[in-house]
Amino acid sequence: LDLRRETEVLIIGGGVTGAGVAYNIARRGKEVTLVERSEICGGTSGSTAGWLWIQDRRPDHYAELAKLSLQRYETLEQELGKDFEFRRSGALQLLRTKEELDWANKIVEEQHKIGIAVRVLSPAEVHDLEPAITPHIMGALYGESDGHVNPFLLVNGYIEAAKRYGAEINTGTQVLGFEMDGSRIKSVITNRGTINAGLVICAAGIFSTSIADMAGVKAPIHPERGFCVVTEKMPRIITRILLGARQTVSGNLVFGFNKELVTGIDTRMTAAGLRLACSEALRDFPGLGEVNIIRSFAGVRVMPDDKFPILGPVPHVKNFWFALTHSAFTNSCAIGPLMAELVCGERNVKSIPMYAYDRFTQ
Ligand SMILES: Cc1cc2nc3c(=O)[nH]c(=O)nc-3n(C[C@H](O)[C@H](O)[C@H](O)COP(=O)(O)OP(=O)(O)OC[C@H]3O[C@@H](n4cnc5c(N)ncnc54)[C@H](O)[C@@H]3O)c2cc1C
């Protein structure tokens with residue numbers, strides 16, 4: 001199949017960020033072309049836990065971003081015409097020490113000021129909500145607003161809706177370089193030909209470092225590895241998310257919560273990682289017993305150097321923008337519309353200085 005040779009907006013990356021941004025820009029009437037070197041969800045979005053986690057997001061601006069995203073998730077299935085198994089289930093993180101309890105009480109105070117419903121539960125209250133969880137705790141931080149999704153269905157929902165608005169989605173299309181015209185990108189060179197683009201948005205997650213290099217731009221991000229383990233389907237043992245585990249709509253338990261600083265993009269699962277995840281799951285769910293594990297996966301998160309999203313223009317190259325964030329599933333319903341507002345001139349990046357690239361250069 002032939003590629004479009006000219007486009008208003010070219011988006012690099014078919015993960016949740018690229019797909020969400022493509023959908024939001026296309027529905028505003030711009031001509032969007034997305035290129036993805038492998039398949040949709042072929043990067044980190046295909047190795048994720050699928051939580052929409054807002055309960056302890058800090059500081060205020062970042063908590064507000066996540067809160068806004070969760071509010072928009074409420075209507076997104078209808079908007080996209082896609083059931084992506086969104087559940088606003090609520091979430092718990094277990095507190096095991098006095099320090100953790102003090103920390104949780106402080107979070108409750110801070111989040112209440114901006115309208116995020118969190119509270120500290122006693123062990124008995126935890127037991128009433130989720131009887132399968134261990135009683136050997138001091139309590140739990142409980143957020144009512146957190147939720148979860150099926151990541152593959154969500155991203156494909158964005159992609160299908162973007163196509164209905166005229167977006168061209170090209171999988172198997174790898175960006176190899178850029179043809180420059182002074183300080184602008186004239187065209188994007190791919191393995192399937194060259195595309196002239198008015199604006200290039202790099203939403204390639206952790207792979208953005210090498211793409212930014214091609215444009216002579218530094219991506220202020222670093223990799224953080226994580227992994228998950230998936231069990232066979234089983235009767236429901238938990239309805240909420242527990243920091244470290246969620247049970248899918250189909251009944252599989254997806255568990256494992258870790259963040260390893262790594263130097264490269266190595267997505268291999270290790271025996272040590274598997275052991276750690278399993279021992280934590282058995283600690284939190286003492287009755288887990290003889291359930292079978294059907295698969296495990298590791299992925300590498302894109303982590304902006306100050307942990308906050310990087311959205312919009314970069315210095316030096318006029319039409320090269322970033323759309324980078326960690327927790328991209330949690331943030332997706334805020335980041336997609338924000339990027340579209342920037343692209344369509346409805347918002348200036350100066351209105352969100354905490355997410356502008358400039359903060360790294362000043
Ligand atoms: C174990 C684990 C659990 C996680 N759990 C959660 C969670 O519960 N909730 C949450 O919100 N977040 C979670 N995250 C983080 C979340 O998965 C990421 O923030 C998200 O997937 C990033 O999406 P993205 O679209 O920015 O990047 P990606 O999904 O990595 O997409 C980038 C795409 O760009 C493509 N690409 C790369 N180079 C090129 C090129 N040269 N040309 C064309 N295309 C290219 C890649 O193939 C890839 O598909 C987790 C991450 C891990 C690893």
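In listed order, ligands and their atoms are each counted from 1. Atom set for the values below is all heavy atoms of this structure, side chains included, hydrogens, waters and symmetry mates excluded.
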Could you list the atoms of ligand 1 found under 4.0 angstrom from a heavy atom of S38? 47 (O)
Say whether F227 and ligand 1 are in contact under the criterion: heavy-atom distance to a ligand atom below 4.0 Å. yes
Atom 2 (C) of ligand 1: closest protein heavy atom, distance to 0.1 Å, is S47 O, 3.4 Å
Per atom 37 (C) of ligand 1, closest listed option by heavy atom (F207, W53, W51): F207
For atom 13 (C) of ligand 1, what is the nearest protein heavy atom, given as residue, atom name and distance? T48 OG1, 3.2 Å
Short list, please: which atoms of ligand 1 are under 4.0 Å from a heavy atom of G226? 1 (C)
Can you check salt bridge (Lys or Arg N to Asp or Glu O under 4.0 Å) on D284 and R96, steps first, answer last? CA-CA 11 Å; D284 294 345; R96 294 193 166 80; 2.5 Å; yes
Residue and atom name of the nearest protein heavy atom (relative to atom 44 (N) of ligand 1), distance in Å to one decimal: R37 N, 3.1 Å
With the side chain counted from C-beta on, respond yes when L176 and V188 share a heavy-atom pair under 4.5 Å apart, and no when they do not. no
Keeping T325 on the side-chain end and A328 on the backbone end, is there a donor-acceptor pair under 3.5 Å? no
Would you please classify the geometry between the W51 ring and the W53 ring as parallel, tilted or perpendicular, with 30° and 60° separating the classes? tilted
Answer side chain, backbone, both or neither: which part of A323 comes under 4.0 Å from ligand 1, heavy atoms only. neither
